[in-house]
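This one's a predicted model, so the numbers in the text were calculated from it and none came from an experiment.
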Amino acid sequence: LLSPTVIVQYLLRAVVVLITIPFHESAHALASHLLGDDTAVCAGRLSMNPLRHFDPLGALCMLVGGVGWAKPVSINPYNYKNPKVGMALSAAAGPASNLLLAWVSMILYKLCWYSGLGDAVPVLTMFLYYMVAMNLSLAVFNLLPVPPLDGAKILDAVLPLSFQMKMHKYEKYFYVALILLLYLGFLQIPLNFMGDLLFSGLNWATAPVDLLLQMIGG
């Protein structure tokens, strides 16, 4: 049987999934809308309703392993003024939204730490920790240049059309290979390495908050 602590941890991770996946997918839809394509908006994907976005296997992988995926957001690149650039920007919006959530969550985490609220409500700091860690993991995972992930769509902006066609022709095989590599743990080292780099950068980006809180506390 799972201990109460482990149960709480999984419940908090589930809440993070319920927030993070809709935010990520809505960022794709919003970016596409701002660039001139309303396909995703008309499909109801600009929404924080998790049911509009969830892929059951992807959500389970994120809950257990910290990385996962959702139902792809449909876009029509021919509605963009520059289809290649539009595709890249709308794809980049997803990982960017995760970095934004991680940044805000780290600031809130530090506020809890310096104020003493974290000691009074430890479940809050645990939740914010998962918000930072899982959003960084999701950003790193989605930036892998492998179809059907966002990184591949960003890479399409600089690849020749013939190479793009070949890559996307075998997209379903890349998808299966990706799941196998995740399951076997072969992606763990590179994902952790990139996640640690992003965490260091995020810590640096929130350093002014540390200074300000130290000054107030001192």
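Within a 6.0 Å radius of OH in Tyr80, other residues, nucleotides and ligands contribute more than 12 heavy atoms. The number of heavy-atom neighbours closer than 6.0 Å to OH of Tyr129, taken from other residues, nucleotides and ligands shown, is 12 or below.
A donor-acceptor contact shorter than 3.5 Å links the side chain of His53 to the backbone of Ser47. Side-chain atoms of Asn79 never come within 3.5 Å of backbone atoms of Gly36 as a donor-acceptor pair (strictly under, hydrogens ignored). A donor-acceptor contact shorter than 3.5 Å links the side chain of Lys84 to the backbone of Leu159. With Arg52 contributing its side chain and Leu46 its backbone, the two residues share no donor-acceptor pair below 3.5 Å. In terms of modelled atom types and a separation under 3.5 Å, the side chain of Ser97 and the main chain of Gly94 share a donor-acceptor contact. With hydrogens and angles ignored, the 3.5 Å screen pairs no side-chain donor or acceptor of Ser32 with any backbone N or O of Ala29.
Remark: Leu191 CG to Leu143 CG distance equals 10.5 Å, nearest 0.5 Å. Distance check: Asn49 CG to Ser26 OG gives 9.5 Å after rounding to the nearest 0.5 Å. Here CZ of Phe127 is found 4.0 Å from CD1 of Ile19. Values are rounded to the nearest 0.5 Å. The structure places CG of Leu12 at 9.5 Å from CG of Leu124, a figure rounded to the nearest 0.5 Å. Of the inter-residue distances, the one linking Arg13 atom CZ with Met134 atom CE reads 4.5 Å to the nearest 0.5 angstrom.
The aromatic rings of His28 and His24 stand perpendicular to each other, their planes meeting at an angle above 60°, with 30° marking the opposite boundary.
If you check the side chains of Thr20 and Asn135, you find a donor sitting under 3.5 Å from an acceptor. Checked by atom type, the side-chain pair Asn203/Lys110 shows a donor-acceptor distance below 3.5 Å.
Both Val15 and Met62 belong to a common hydrophobic cluster when Ile, Leu, Val, Met, Phe, Trp and Tyr are linked at side-chain heavy-atom distances under 4.5 angstrom. Put simply, Val67 and Ile154 are part of two different groups of oily side chains (I, L, V, M, F, W, Y) that touch within less than 4.5 Å, one to the next.
When each of Leu100, Thr206, Val132 is paired with Ser105, the side-chain contact (heavy atoms from CB on, under 4.5 Å) condition holds for Val132 and for no other.
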